[in-house]
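The next block holds one structure in the form of structure tokens; read it before the comments.
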Protein chains: 2
Amino acid sequence: MPETVARIASRAERKERTRQRLLDVTLEFIEKRSLAGISLREVAREAGIVPTAFYRHFESMDALGVELVDESMRPLRQMIRDARRGSPTHQDIIKNTVEILGRQVREHKAEFRFLSRERYGGIAAVRRAIATELRLFTSELTVDLARITAGAGWSSYDLEMTADLMVAAMLAAVMELLEAEARHAEDERTILDRSERQLRLIALGMSVWHSATD
Amino acid sequence: MPETVARIASRAERKERTRQRLLDVTLEFIEKRSLAGISLREVAREAGIVPTAFYRHFESMDALGVELVDESMRPLRQMIRDARRGSPTHQDIIKNTVEILGRQVREHKAEFRFLSRERYGGIAAVRRAIATELRLFTSELTVDLARITAGAGWSSYDLEMTADLMVAAMLAAVMELLEAEARHAEDERTILDRSERQLRLIALGMSVWHSATD
DNA sequence: GCTTTCAGTGCACGCTCGTACACTCAATAG
DNA sequence: CTATTGAGTGTACGAGCGTGCACTGAAAGC
């Protein structure tokens with residue numbers, strides 16, 4: 001019989017909490033090592049359960065990794081939503097987007113590190129999950145670009161090509177931000193400034209694209 | 001006493017050959033897994049020596065990984081040399097470069113896969129070695145861009161920013177080429193064509209950069 | 001209130017792992 | 001010819017791994 005107000009965690013709640021602990025613990029380990037180098041036993045140990053209890057939640061570390069992709073993509077999806085609520089003019093969109101990018105990376109380092117570390121990492125299933133999500137991200141951006149360039153005669157092929165380039169530029173910035181953190185080689189501002197200029201360079205290319213290729 | 005013509009492998013030659021076998025075997029394993037998931041024992045086994053003999057060549061798998069970076073960078077360096085022996089006009093440079101990129105990736109898949117897999121992988125020393133080499137690559141490209149845009153009033157800061165963007169675009173293409181191989185999602189021609197368009201878009205942006213920012 | 005469910009336990013197993021140590025024996029050096 | 005060197009051997013160890021299996025005990029279902 002379910003109480004109207006559960007004063008103490010129910011069975012399902014407790015399970016969910018343990019599951020979340022497993023995911024969180026793995027995310028912490030990712031800071032130093034890659035998924036392939038993290039054992040089921042140490043994750044279970046750190047989460048405070050016995051190794052065999054791990055199987056109540058995931059059938060393997062690889063499966064946990066795939067779930068973690070979803071989990072980690074949330075900040076990225078939030079980023080799109082934030083960026084869309086942005087300002088009207090071209091240049092402002094870029095400035096705004098880069099700023100949001102910087103903030104999201106700062107606030108969700110572990111998630112972004114996981115995604116960049118495993119994007120081309122050793123576990124095929126995880127790679128595939130990340131690739132799928134990023135393709136979604138690119139197609140979202142393509143839609144935005146289509147809206148912005150409406151009536152300017154852009155083919156969907158070229159729009160996607162451009163979105164792809166922009167995503168590549170932004171992901172490169174993300175990775176540099178994560179690396180810079182640890183090595184103090186360049187500070188955040190420098191990286192974001194460069195990224196902003198790169199996106200503006202691309203936008204500039206777009207503005208003369210058809211006059212050069214038509 | 002060294003013979004004038006060594007008919008049978010000398011001691012040093014034999015050692016070098018074993019060392020190379022260890023590197024090659026590791027490169028083969030990288031196709032399926034990341035460095036962190038490859039054990040010293042299996043590398044030794046596959047190379048035909050006993051595990052403890054591994055230490056005659058490298059002090060750990062991590063150290064072998066760092067050496068492998070050098071080894072794998074050779075095709076990339078060759079790429080620069082090939083591209084520079086290229087043609088004079090702007091558009092031809094891009095077409096030519098992308099073609100060379102495609103060929104190098106096709107001919108040196110394993111090396112490129114190693115670099116992309118470990119670029120943000122779990123071993124800090126390997127990450128650092130790759131980052132250093134790639135920074136060198138970017139600065140080479142910056143020099144080329146400086147030569148091409150000589151007298152057009154480009155700051156070295158903006159040149160580097162642009163080179164950085166171009167490298168990001170090319171690396172993204174490399175990674176897609178490697179992924180496509182296994183999944184047949186897109187064929188090589190499509191990816192290279194897109195990459196060519198992306199570089200051309202950037203070049204177009206460059207041609208109007210100063211009129212827009214000065 | 002009795003029964004069922006199931007998250008978490010505890011033990012045991014057969015592996016593989018990195019590495020220490022003493023060794024062999026052919027190529028090299030003097 | 002003899003002595004040295006050093007790449008590769010063989011054994012052995014302790015530790016950690018993934019996982020199978022029988023279990024416990026509290027919450028949920030009826």
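A, B, ... follow the sequence lines: proteins, then strands. Residue 1 opens every chain.
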For [X] and [N], give me the distance from atom [atom1] to atom [atom2], rounded to whole Å.
X	N	atom1	atom2	value
A:Arg11	D:dT24	CZ	C1'	12 Å
B:Glu16	D:dG6	CD	P	16 Å
B:Phe58	D:dA7	CZ	P	13 Å
A:Phe54	D:dG20	CZ	P	14 Å
A:Arg17	C:dG8	CZ	C1'	16 Å
B:Arg14	C:dT28	CZ	C1'	14 Å
A:Glu13	C:dC6	CD	P	17 Å

Check: B:Thr138 and B:Arg135: side-chain donor and acceptor closer than 3.5 Å?
Finding: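 There is no such pair (donor and acceptor under 3.5 Å, judged by atom type) between the side chains of B:Thr138 and B:Arg135.
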Notebook entry, point to check: For nucleotides 10-22 of chain C, read 5' to 3', which letter fits each nucleotide if B means a protein heavy atom sits under 4.0 Å from the base, S means only the sugar-phosphate is that close, and - means neither?
Noted result: B------BBBBB-
Notebook entry, point to check: With no hydrogens and no angle check, is any side-chain donor or acceptor of B:Arg117 less than 3.5 Å from a backbone partner on B:Glu31?
Noted result: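 The answer is yes, because a donor-acceptor pair under 3.5 Å joins these two groups.
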Note to self: Any side-chain to backbone donor/acceptor pair from A:Arg33 onto A:Ile38? Under 3.5 Å, distance only.
What the structure shows: no
Notebook entry, point to check: Out of C:dT28, C:dT9, D:dA27, which nucleotide sits closest to the side chain of A:Ala53?
Noted result: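 Nearest listed nucleotide: C:dT9.
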Item checked: Nearest-nucleotide 5' precedence on DNA chain C, B:Ala12 against A:Lys15 ->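 Looking at DNA chain C, the more 5' nearest nucleotide goes with A:Lys15.
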Check: Are the side chains of A:Met73 and A:Leu136 in touch, meaning some heavy atoms are under 4.5 Å apart?
Finding: no
Checklist line | Residue pairs, two or more places apart or on separate chains, that pass ring-ring contact (aromatic ring centres under 6.0 Å, His included) and touch residues 106-126 of chain B | finding: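 Pairs touching residues 106-126 of chain B that pass the test: none.
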Check: Does a side-chain N-to-carboxylate-O contact under 4.0 Å join B:Arg74 and B:Glu111?
Finding: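 No salt bridge links B:Arg74 with B:Glu111.
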